[in-house]
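Naming: A, B, ... by sequence-line order, numbering from 1 per chain. The analysis underlying the following values was restricted to heavy atoms, covering all of them including side chains, and did not include hydrogens, waters or symmetry mates.
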Amino acid sequence: MPDVRDVIIIGSGPAGLTAAIYTARANLAPLVIEGEPSSTTDQPGGQLMLTTEVENYPGFVDGIQGPELMDAFRKQAARFGAEYLTAKVTRVDFSVRPFKLWIGEEELPTRSVVVATGAQSLMLGLPNELELVGHGVSTCATCDGFFFRGHPIAVVGGGDSAMEEALFLTKFADKVSIVHRRDSLRASKIMQERAFANPKIEFVWDSVVTGLKGKEKLEGLQLTNLKTGEESDFDATGLFVAIGHVPNTGLFKGQLEMDENGYLVTHDGSRTNVDGVFACGDVQDHIYRQAITAAGSGCMAAIDAERWLESQPHEHHIEPTTTDW
Amino acid sequence: MAEGITTLTDTTFDEEVKGSDELVLVDFWADWCGPCKLIAPILEELATEYAGKLRVCKLDVDDNPGITGRFSVMSIPTLILFKDGDIATRMVGAKGKNQLRQELEAFL
């Protein structure tokens, strides 16, 4: 059997990497299973890898680029001995001690686990949406904005991510339309004000995208007004979707307690229903969802894991008695 | 250089790709694309692993609008595999090493 780790951290966004910094400094030699490259937020470094300027992370007076911030987190944890595996966990068994994780056939036993798998962006779920990714439908505004110079673009959503994407895209497009299902936004005040003040941004209220036109590439949208039920064609050859997130918890179904939306349930800090398994970041938080709250909860999970490990009987101390005294 | 990655441009593309009797994988990328940076080291490893069977090249979409436009690249990273100068397969978006390997192996 391979060596049993003290702690394995699954996920490498602000929560996972903060847990790595703290457990590494506590000499627990954490292994971070950081995920695999992808063009969605489900990737090493997490959601900040697809953002541009982060203006609200304390300590950076002039803001910092999301990927740059995550690179710094990663190096900081490595400095104290955190190790990384660029892979995805494929299976877990939390019913045995030590716990077991697998990457394909490779088995990784560990005394404790910190779950920081985060959340990923929802897609619209329209029939031809996936075929049009890369041909007008994009999951990454920072990657693809450049290709939409002069195109009419639609951004779907009413939160901060939607505003950020729309504002970013005005650098390239002549017109960006924000399509939102309600008649008011849930984005923060500052982002709303910036969006309202931008002459290239217009709003299409009370509407949802119900169809994507085009085979080889996106040629237009079909919108449905939720108040009137009226359907209309909408001119857009670029579509960016920012309608919310779904937690990455499929791996833990049947083993960790979740709420009705699939978010992990934590109690007394970062504890899950399994003793020795801790959760932090967006995988257990659908309310705040900020880099700083994720990092804070990652610190909590690390301290909880460290204390929990200390409270456990150390097996190397319990040697079987073979001699009579 | 047998191994490593060749940088292509609008002017060298045809000669390097169309004229090649090896399989050629072209990575359409740009400096400002995070997912592109994530897969860059993987492509280097694949270039070494498949040396002699596959040539890995990259093309900066910022500097080379001609070729980028010819292949209607609208999302990066896009990887296009060329066989005898024609498109054999096209992969949009960053992927892990094993997944890339699987998709490529069907053509090797």
Side-chain angles (χ1 to χ4, degrees), chain A residues 12 34-52 65-71 74 85-88 90 103-106 130-149 151 153 168 171-172 214 216-218 237-240, chain B residues 5 10 25-49 56 58-81 87 89-105:
Chain A
S12 59
E34 64 178 352
E36 283 196 330
S38 127
S39 292
T40 70
T41 56
D42 184 19
Q43 62 165 297
Q47 294 174 53
L48 285 188
M49 296 301 284
L50 299 188
T51 63
T52 51
Q65 296 293 312
E68 212 179 303
L69 181 62
M70 294 327 296
D71 190 46
R74 192 180 189 276
L85 263 182
T86 310
K88 269 192 157 183
T90 47
I103 296 170
E105 295 299 306
E106 188 188 354
L130 285 178
E131 286 93 272
L132 288 170
V133 167
H135 307 283
V137 176
S138 175
T139 57
C140 177
T142 54
C143 304
D144 302 342
F146 168 84
F147 299 101
F148 293 88
R149 215 173 277 282
H151 283 242
I153 297 181
F168 175 77
K171 289 186 198 169
F172 308 100
E216 302 281 294
K217 60 180 188 202
L218 183 68
T237 48
L239 177 69
F240 293 80
Chain B
I5 293 184
D10 274 355
L25 182 70
V26 182
D27 169 26
F28 292 81
W29 74 288
D31 190 42
W32 34 260
C33 158
C36 297
K37 288 185 186 161
L38 280 180
I39 63 163
I42 296 177
L43 291 174
E44 275 171 34
E45 287 166 27
L46 291 177
T48 311
E49 226 169 272
V56 182
K58 59 191 217 174
L59 183 121
D60 186 332
V61 298
D62 255 341
D63 301 336
N64 302 288
I67 294 299
T68 305
R70 191 201 292 176
F71 294 101
S72 310
V73 172
M74 286 179 84
S75 183
I76 52 173
T78 285
L79 299 173
I80 303 182
L81 183 71
I87 298 179
T89 189
R90 184 178 177 122
M91 296 170 257
V92 177
K95 292 182 167 72
K97 190 176 180 184
N98 281 333
Q99 211 183 335
L100 282 178
R101 211 188 259 144
Q102 261 173 28
E103 299 209 24
L104 290 172
E105 260 169 24

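- The residue among B:T68, B:V61, B:V92 with the most heavy atom pairs within less than 4.5 Å of chain A is B:V61.
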(request) Quick one: do B:I76 and A:F146 satisfy side-chain contact (heavy atoms from CB on, under 4.5 Å)? Show the steps, please. (result) CA-CA 10 Å; B:I76 52 173; A:F146 168 84; over 6 Å; no
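- In this structure, CG in B:L38 is found 4.5 Å from CE in A:M49, a value given to the nearest 0.5 Å.
- More than 12 non-hydrogen atoms from other residues, nucleotides or ligands lie less than 6.0 angstrom from CD of B:E105.
- Contact count versus chain A (heavy atoms, under 4.5 Å) is highest, among B:T78, B:V73, B:L100, for B:V73.
- A:C143 is not listed as a side-chain neighbour of B:C36, based on a closest heavy-atom distance of 4.5 Å or more.
- What you find for B:M74 and A:G134 is that their closest heavy atoms are CB-O, 3.5 Å.
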(request) With side-chain contact (heavy atoms from CB on, under 4.5 Å) as the test, would you mind laying out the steps for A:K88 and B:Q99 before giving the verdict? (result) CA-CA 12 Å; A:K88 269 192 157 183; B:Q99 211 183 335; over 6 Å; no
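- The minimum heavy-atom distance linking A:S39 with B:G93 is given by the pair OG-CA, 3.1 Å.
- In this structure, the portions of A:S38 lying under 4.5 Å from any heavy atom of chain B include both its backbone and its side chain.
- Contacts between B:I42 and chain A at a heavy-atom distance below 4.5 Å involve the side chain alone, from C-beta outward.
- Separating the NZ atom in B:K37 from the CG atom in A:D71 is a distance of 9.0 Å, to the nearest 0.5 Å.
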